[in-house]
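Bear in mind that the values here come from a model prediction, so they are computed numbers and not experimental data. Both counts, for ligands and for their atoms, begin at 1 and track the order of listing.
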Amino acid sequence: MQEIMDANPYALEDGSHIAVIGGGPTGSFFSIFAMKMAKMIGEELNITIFEPKDFTKDGPGGCNRCGGVISELLVQTLAVEGINLPDSVVQKGINSYKLHTTNGSVSIGTPLFEKTIATVYRGVGPKGIMGKDKESFDNFLLNLAVKEGALHMPLRIDHVEYRNQKPVLFAKNKKIRDFDLVIGTFGVNSTAVKVFEGLGFGYKSPAITTAAIAEIGLDRDMISEYFGNSIHLFLLPIKDIKFAAMIPKGTYVTLCMLGKNVTAHMVNALLDHHVVKKVLPENYEINCRCLPKMNIGAPKVPFTDRIVMCGDAGSTRLFKDGLGAAYIMGKAAAKTAVFQGVSKEHFHKYYYPFYKSIIIDNYFGRFLYAMTEIYRKNKLLCKGMLNVVQKEQQNVHDRKRLSTIMWDIFTGNERYKNIFFRSLSLKMNIDLLKEFAKLSVRFY
Ligand SMILES: Cc1cc2nc3c(=O)[nH]c(=O)nc-3n(C[C@H](O)[C@H](O)[C@H](O)COP(=O)(O)OP(=O)(O)OC[C@H]3O[C@@H](n4cnc5c(N)ncnc54)[C@H](O)[C@@H]3O)c2cc1C
């Protein structure tokens with residue numbers, strides 16, 4: 001081991017100290033995998049997760065604001081890793097999406113006919129939630145990291161500097177210590193971005209937009225009656241709203257809106273839309289609202305010697321499956337740090353290919369969302385698309401090409417690149433063209 005250390009001064013060794021800034025999913029995934037991998041090579045790491053939020057609290061204090069949809073892919077990948085989401089974490093199993101437009105609605109069932117998507121809360125739930133018998137997703141993962149041997153310190157890191165070529169962390173103006181490696185997993189809703197920009201190694205805040213979340217309080221029976229086990233998705237011609245989703249959970253439905261810098265006023269406009277009114281019962285209460293930031297573009301320089309940015313603070317999937325990206329990137333950072341080393345060169349060679357592959361995949365995502373925008377805004381295209389999906393859903397023997405494309409876009413279940421290539425299917429595009437031709441005769 002001494003020989004490896006001499007050859008690689010940036011190798012972690014038994015007893016190395018790692019600071020994880022942010023105990024959201026990325027920080028916990030990194031810690032779980034780094035602890036496991038180090039044990040595999042007979043080393044013990046000292047990982048400290050700095051996380052000021054208490055995920056056992058209801059309301060904003062314990063919440064990492066998000067829709068809380070765990071994709072099929074992530075549920076399955078975690079199961080393979082031996083991480084099974086317990087019933088106490090899952091609020092509802094989802095087996096279909098219902099798409100609503102001004103031209104009608106259509107249901108798209110999971111291609112596997114199982115309830116494979118899970119909805120969760122990132123904290124305990126909206127302020128004052130009744131029956132706190134459920135555990136939050138973030139608390140579950142943080143506890144797993146602690147079980148693996150990581151230490152959780154409820155501190156907010158407010159300053160970082162380099163001393164003797166090692167990053168030193170501070171909280172409340174007090175020095176904590178120097179670290180062999182610092183992982184920035186503080187997301188995009190954090191002032192820590194500025195702290196790392198100030199270090200001058202080239203890290204800049206990810207490109208962001210503002211999204212909206214509202215928690216709609218309803219009783220369990222109402223949720224079953226109105227929503228069943230479906231996520232309801234809205235593609236409506238409301239200015240600057242790309243799409244909105246209503247995600248059923250225990251006694252709430254989480255409304256998530258994505259678009260161009262969404263405002264509270266736009267949430268009201270959506271709730272007042274006649275298509276949305278048909279989906280919701282007449283009387284409901286909004287118990288919680290927020291306008292969280294969302295990462296829509298990765299920073300170019302996410303690492304330097306002994307510092308690496310990960311998850312939302314680095315590169316994540318566009319609009320969907322940020323939790324899946326947290327898993328991929330957390331594990332990639334852990335693998336690099338434990339098996340290769342923690343220099344800028346190590347991160348460039350072993351971590352950056354994963355980082356870049358998400359950036360490249362998001363280019364395909366941007367194209368697919370641009371196409372969705374065209375369909376959302378054009379009545380004829382939107383109706384034609386709905387008709388094709390409806391026919392596919394009614395025909396048991398159909399290969400359901402468009403339905404599965406839409407399923408994968410909505411659920412974030414598949415790489416955008418793969419969806420893009422499937423969208424070139426000749427058969428599907430001929431079906432769509434035939435439908436558009438039929439409708440244009442009727443429309444004009
Ligand atoms: C409106 C919206 C809806 C979404 N819906 C979904 C969805 O349904 N499914 C999905 O997969 N993804 C969804 N996402 C994306 C998902 O929320 C993120 O990709 C995911 O939370 C990223 O995890 P993270 O650990 O990198 O960051 P975060 O979850 O943001 O965690 C960062 C943590 O760092 C802590 N922190 C911040 N600053 C400091 C500091 N200075 N010191 C110490 N700790 C600090 C914070 O308290 C927080 O706990 C959604 C995002 C938005 C905005």
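Figure legend: Lys331 and Phe33 shown as a cation-pi pair, the cationic atom lying under 6.0 angstrom from the six-membered ring centre and within 45 degrees of its axis. In this structure, Arg156 forms no cation-pi arrangement with Phe50, as its terminal cationic atom is not both closer than 6.0 Å to the ring centre and no more than 45° off the ring axis.
In this structure, Phe354 places its CZ atom where only 12 or fewer heavy-atom neighbours from other residues, nucleotides or ligands lie under 6.0 Å away. The environment of CG in Asp87 is sparse: at most 12 heavy-atom neighbours from other residues, nucleotides or ligands sit within 6.0 Å. Within a 6.0 Å radius of CG in Asn84, more than 12 heavy atoms belonging to other residues, nucleotides or ligands are found.
Atoms of ligand 1 lying under 4.0 Å from at least one heavy atom of Phe50, given by number and element, are 43 (C), 44 (N). Distances below 4.0 Å separate heavy atoms of Ser190 from the following atoms of ligand 1: 37 (C), 38 (N), 39 (C). Within ligand 1, the atoms closer than 4.0 Å to a non-hydrogen atom of Ala211 are 1 (C), numbered from 1 in the order shown. Listed by number with element, the atoms of ligand 1 under 4.0 Å from a non-hydrogen atom of Lys53 are 47 (O). Set against the non-hydrogen atoms of Thr185, the atoms of ligand 1 under 4.0 Å away are 32 (C), 33 (C), 34 (O). Close contacts of ligand 1 with Ala192, meaning ligand atoms under 4.0 Å from a residue heavy atom, involve 41 (N). Against a heavy-atom cut-off of under 4.0 Å, Ile213 is close to the following atoms of ligand 1: 1 (C). Here is the list of ligand 1 atoms found below 4.0 Å of a heavy atom in Ile157: 40 (C), 41 (N), 42 (N), 43 (C).
Checking only distances, Asp312 does come within under 3.5 Å of ligand 1, N or O to N or O. Considering backbone and side-chain atoms together, Leu258 places no N or O closer than 3.5 Å to any N or O of ligand 1. Residue Arg65 places no N or O, backbone or side chain, under 3.5 Å from any N or O of ligand 1.
When hydrogens are left out, the protein atom nearest atom 35 (C) of ligand 1 is Glu51 OE1, 3.2 Å; that is the closest non-hydrogen contact. Nearest protein neighbour of atom 29 (O) of ligand 1, counting heavy atoms only, is Arg122 NH2, 2.8 Å. Here the protein heavy atom with the shortest distance to atom 52 (C) of ligand 1 is Met294 CE, 3.5 Å.
For the residues Cys66, Pro25, Gly62, the heavy atom positioned nearest atom 6 (C) of ligand 1 is part of Cys66. When Ala245, Ala326, Gly67, Ser28 are ranked by how near their heavy atoms come to atom 4 (C) of ligand 1, first place goes to Gly67. Of the options Leu323, Ile231, Thr26, the smallest heavy-atom separation from atom 11 (O) of ligand 1 is shown by Leu323. Looking at Ser71, Gly314, Gly324, Gly322, it is Gly322 that brings a heavy atom closest to atom 10 (C) of ligand 1. The closest heavy-atom contact to atom 36 (N) of ligand 1, among the options Phe55, Phe137, Phe29, Phe186, comes from Phe186.
Distance alone, capped at 3.5 Å, places no donor-acceptor pair between the Arg376 side chain and the Leu235 backbone. The backbone N or O of Lys172 sits less than 3.5 Å from a side-chain atom of Asp158, completing a donor-acceptor pair.
The proximity of Leu155 to ligand 1, defined as any non-hydrogen pair under 4.0 Å, is limited to the backbone. Using a 4.0 Å cut-off between heavy atoms, Val69 contacts ligand 1 through both its backbone and its side chain.
Not a single heavy atom of Met257 sits less than 4.0 Å from an atom of ligand 1. Using a 4.0 Å heavy-atom cutoff, Asn189 is absent from the residues neighbouring ligand 1. Judged by the shortest distance from any of its heavy atoms, Lys293 lies inside the 4.0 Å radius around the atoms of ligand 1.
Side-chain contact between Tyr97 and Trp407 is present, with at least one heavy-atom pair separated by less than 4.5 Å.
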Review point. Yes or no on side chain to side chain contact (heavy atoms under 4.5 Å, CB included) for Thr119 and Val90, after CA distance, side-chain angles and deciding distance?
Key: CA-CA 6 Å; Thr119 67; Val90 177; 5.7 Å; no
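Relative ring orientation between Phe303 and His348 is described as perpendicular, the plane-to-plane angle rising above 60° on a 0-90° scale split at 30° and 60°. Ring pair His346/Tyr350 is parallel by interplanar angle, where below 30° counts as parallel and above 60° as perpendicular.
Among residues at least two apart or in separate chains, ring-ring contact (aromatic ring centres under 6.0 Å, His included) pairs with a member in residues 193-229 are Phe186-Phe196, Phe227-His232.
Salt bridge absent: Lys39 and Glu43 never bring a charged side-chain N and a carboxylate O closer than 4.0 Å. Looking at Asp361 and Lys417, no side-chain N of the basic residue comes within less than 4.0 Å of a carboxylate O on the acidic one, giving no salt bridge.
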